[in-house]
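These notes concern the structure reproduced below.
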Amino acid sequence: MYRKIIEDLKAWKSSKRRKPLILSGARQTGKTYILKQFGKECYKNLVYVNCENTPMMRSIFVQDYDIKRIVNSLSAIANEEIAKGDTLIFLDEIQEVKGGLTSLKYFCEDAPEYHIVVAGSLLGIALNGGTSFPVGKVDMMTLYPMTFSEFMIALGEQRYLDFLEGKDWETIAPLAPHYIQLLRQYYFVGGMPEAVAAFVDNATHKEIRTIQSNILSAYFKDFAKHAPKNEIQRIEMVVNNIPSQLAKENKKFVFGALKPGGRSREFEAAIRWLQDCGIVHKVRRVNKPEMPLRFYEDTNAFKLYFCDCGLLGVLMKTSASQILADDNFFTEYKGAFTENYVLQQLKTNPDLDIFYYTNEKNTLEIDFVVQVDSKIVPVEVKAEENLKSKSLKSFVAKHPDTHGIRFSMSGYMEHEWLTNVPLFGVGIVSLVSSSTKSS
């Protein structure tokens, strides 16, 4: 299945400033698949080693970091020749071997002619858990679940995607029912490649839910196996509580909902662990929508979103019929699915710094506030066709150098202060260009 990140990988291969590459991302997002595909398509040969189930890898970096010795050892383990520039060395589950990540520094400094990539389902934990990190010596990418655009391609809907990317909204308008049905399917299936592949192969809804449930079970097994023992219960509490937190009108994460008297200090490590795994996305509040947004970040207020809307559906125990056929679905759960979906699409753009905003009295809330270059873009999400935008209109009135973006079930509309984009167009609208509307 096509993944847009393959274009970034090709650019990495041809870069004159190429460094060893770390590909991170949540379990089951397709890291192994896409790197193998990249190696087969773009190199004469691929040397793939899974560090977790290859015992000899446990000692390969212990002796020293002599790259000639390490390359010879990898060649012997894989029974493949390693040619400079013509071979992609792919070390999977790199976090499982001591010294594996540190070795990338020496590949960068002593042997930049070798093309090496590493990945791992719990790589984020290793990178933030005290492992010696080769600062400045590696390139980094993150693979997220499949976007709605990638989902459309997998379903053979390239022609409809072309219409969207062409932004011919007059042509798109009468096709909206088809796009909305595709969006419903994406809400149900989500972007985990295994679930998408099953859907493409006409698997039953029950079979798809089983795949998604198994992925969630693997996450919980990771908690039990890898998380600090004193954090396992808290991690599980946070995950299980996300649906009810998102279903609130005010989606600010409330620790008291986890347990009576719950405090942030009790759950900080648990949430950080989930972030490092790529399972949740944390969107912090800014107390002032001014540049740069990070200066005004409120570390005590945030919203938590799940990595994939399909897995969120399993957590919420929503049935296929509710998502695919219920006319009231988009307005139920107070837009929990829709806001999670929008955030899931926005997160795949590494150029966006994403926050949310509320004023001091909490009488005005902007779902997402995004910093794009030197502009601030307020983003409102509507799970229905109700287009009242009191908060967004008030925000733009107070900050006339901004131009609002609203994602809703209604068609494309341009106003002086606002652009309304159909929800199925989230992935093809450039917030970068939108930020210049008012200038």
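All values below come from the heavy atoms of this structure, side chains included, with hydrogens, waters and symmetry mates left out. Since we're looking at a predicted model, the values are computed, not measured.
For the residue pair E414/Y412, the side-chain donor-acceptor check at 3.5 Å is satisfied. Using a 3.5 Å distance cut-off with no hydrogens or angles, the side chains of Y341 and Q345 do not pair a donor with an acceptor. Side-chain contact of E339 with Y305: a donor-acceptor pair under 3.5 Å is present, judged by distance alone. For the residue pair Q158 and D162, a side-chain donor N or O sits within less than 3.5 Å of a side-chain acceptor on the partner.
At most 12 non-hydrogen atoms from other residues, nucleotides or ligands lie less than 6.0 angstrom from CD of E170. Residue Q233 qualifies as open at atom CD: its count of foreign heavy atoms under 6.0 Å is 12 or below.
For the pair K303 and Y356, the distance from NZ or CZ to the six-membered ring centre is under 6.0 Å and the angle to the ring normal is within 45 degrees. For the pair K382 and F407, the cation does not sit on the ring face, since its NZ or CZ is not both under 6.0 Å from the ring centre and inside 45° of the axis. Seen from the ring of F302, K251 does not count as a face-on cation partner, given the 6.0 Å and 45° thresholds.
A tilted orientation is assigned to the rings of Y160 and H178, their planes being inclined by 30° to 60°. Ring planes of H415 and W417: parallel class, angle under 30° (limits at 30 and 60°).
Nearest heavy-atom pair across R209 and G310 is NH1-O, 3.5 Å.
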Give the C-alpha distance, both sets of side-chain angles, the deciding distance and a yes or no for side-chain contact (heavy atoms from CB on, under 4.5 Å) between I405 and V377.
-> CA-CA 7 Å; I405 297 291; V377 182; 3.8 Å; yes
